[in-house]
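A short write-up of the structure that comes next.
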Amino acid sequence: INISEQKAFFYKGDQLVGVSLISTGREGFGTPNGSFKIQQKDKDHVSSRFGDYVDAQTGAVVKKDIDRDKDPMPKGAKYDGARMPFFMRINGGVGMHEGFLPGYPASHGCIRMHNADVIDLYDQVVVGALVIVE
């Protein structure tokens with residue numbers, strides 16, 4: 001994962017087999033640098049921290065883009081976690097997953113990828129695979 005280029009490079013052994021545009025952590029939510037291993041794979045992952053507060057009865061959004069660590073839940077609301085399809089955890093709450101790619105760092109620390117790229121990676125990578133973030 002190359003943060004400055006906002007690209008991921010995929011290798012099978014020493015051979016480059018793919019490149020993907022990505023979006024990493026924005027200011028205040030940086031993606032950690034280092035060598036990591038895939039710790040978990042979850043095709044239908046939902047964030048336990050970031051998402052929306054929605055009306056408990058109607059499901060209408062009451063407060064959008066919340067951080068459960070900072071934003072108190074309004075009365076009559078419930079938490080609706082952000083979807084992170086094809087999640088591959090690498091460090092704490094940080095992982096690679098499908099998501100919006102605006103062309104610059106915009107996530108809460110995760111590495112977002114295009115749908116087709118992340119599905120292909122998810123299908124091929126195994127828990128324990130090496131991920132280098134620099």
Side-chain angles (χ1 to χ4, degrees):
I1 306 296
N2 187 304
I3 293 174
S4 63
E5 290 186 40
Q6 291 292 285
K7 289 184 181 177
F9 299 87
F10 308 113
Y11 292 86
K12 198 172 243 181
D14 291 336
Q15 184 175 2
L16 180 66
V17 295
V19 178
S20 177
L21 296 176
I22 61 172
S23 182
T24 57
R26 67 180 187 237
E27 187 174 330
F29 294 97
T31 301
N33 287 334
S35 294
F36 307 99
K37 292 190 177 185
I38 300 288
Q39 300 169 358
Q40 172 200 28
K41 291 172 59 176
D42 182 358
K43 186 176 179 182
D44 300 309
H45 190 73
V46 176
S47 176
S48 60
R49 181 174 171 189
F50 300 104
D52 301 325
Y53 287 136
V54 298
D55 184 277
Q57 295 193 357
T58 67
V61 175
V62 174
K63 188 166 185 181
K64 191 168 181 53
D65 298 324
I66 62 93
D67 177 343
R68 290 179 88 180
D69 289 352
K70 298 176 184 174
D71 300 308
M73 188 176 335
K75 187 175 181 175
K78 68 178 184 176
Y79 173 70
D80 183 28
R83 295 342 175 237
M84 301 172 155
F86 302 98
F87 186 77
M88 294 163 277
R89 185 181 309 278
I90 63 166
N91 183 37
V94 175
M96 299 177 286
H97 62 83
E98 179 185 326
F100 176 62
L101 304 179
Y104 52 85
S107 79
H108 290 108
C110 282
I111 300 139
R112 300 179 190 165
M113 295 185 194
H114 282 291
N115 177 276
D117 294 336
V118 77
I119 291 171
D120 191 38
L121 180 63
Y122 186 91
D123 288 344
Q124 294 186 45
V125 76
V126 297
V127 171
L130 178 64
V131 178
I132 298 170
V133 180
E134 52 189 24

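Side-chain atoms are counted along with the backbone in the values below, which use heavy atoms only and exclude waters and symmetry mates. What you see is a predicted model; the values in this text were computed from it and never measured.
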Partners meeting ring pair (Phe, Tyr, Trp, His ring centres under 6.0 Å) with Phe36 (sequence neighbours left out):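 None.
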Indicate if [X] and [Y] have the same hydrophobic cluster label, given that clusters are the connected sets of ILVMFWY residues with side-chain heavy-atom separations under 4.5 angstrom.
| X | Y | answer |
| --- | --- | --- |
| Val17 | Met113 | yes |
| Val46 | Met84 | no |
| Phe86 | Val125 | yes |

Step-by-step side chain to side chain contact (heavy atoms under 4.5 Å, CB included) determination, Lys37 to Val131: CA-CA 6 Å; Lys37 292 190 177 185; Val131 178; over 6 Å; no
Side chain to side chain contact (heavy atoms under 4.5 Å, CB included) between Ile1 and Glu134, worked out: CA-CA 6 Å; Ile1 306 296; Glu134 52 189 24; over 6 Å; no
For the atom pair [atom1] ([X]) and [atom2] ([Y]), what is the distance rounded to the nearest 0.5 Å?
| X | Y | atom1 | atom2 | result |
| --- | --- | --- | --- | --- |
| Leu101 | Leu21 | CG | CG | 7.0 Å |
| Phe87 | Gln40 | CZ | CD | 6.5 Å |
| Met96 | Cys110 | CE | SG | 10.0 Å |
| His114 | Ile119 | NE2 | CD1 | 12.5 Å |
| Asn91 | Gln39 | CG | CD | 6.5 Å |
| Ser23 | Phe100 | OG | CZ | 8.0 Å |

Give a yes-or-no answer on whether the side chains of [X] and [Y] include a donor-acceptor pair shorter than 3.5 Å.
| X | Y | result |
| --- | --- | --- |
| Glu98 | Asn115 | yes |
| Asp42 | His45 | yes |
| His108 | Arg26 | yes |

Counting only N and O atoms by type, is there a donor-acceptor contact under 3.5 Å from the side chain of [X] to the main-chain atoms of [Y]?
| X | Y | answer |
| --- | --- | --- |
| Arg68 | Ile66 | no |
| Tyr122 | His97 | no |
| Thr24 | Ile3 | no |
| Thr31 | Gly25 | yes |
| Asp52 | Val54 | no |

Linked hydrophobic residues, Leu16 as query - side chain contacts closer than 4.5 Å: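 Its cluster mates, by chain and number, are Phe9, Tyr11, Val19.
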Residues forming a side chain to side chain contact (heavy atoms under 4.5 Å, CB included) with Val94, sequence neighbours excluded: Pro32, Ile90
Contact between [X] and [Y] at the side-chain level, heavy atoms closer than 4.5 Å - yes or no?
| X | Y | value |
| --- | --- | --- |
| Ile38 | Arg89 | no |
| Arg112 | Ile22 | no |
| Leu130 | Ile132 | yes |
| Phe10 | Ser20 | yes |
| Asp80 | Tyr53 | no |

Minimum heavy-atom distance Arg49-Ser47, with the two atoms named: N-OG, 3.1 Å
Verdict with reasoning, Asp120 to Gln124, per side-chain hydrogen bond (donor to acceptor under 3.5 Å, both in side chains): CA-CA 6 Å; Asp120 191 38; Gln124 294 186 45; 2.8 Å; yes
Parallel, tilted or perpendicular, as decided by the 30° and 60° cut-offs, for the rings of Phe29 and Phe50: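 The rings of Phe50 and Phe29 stand perpendicular, inter-plane angle above 60°.
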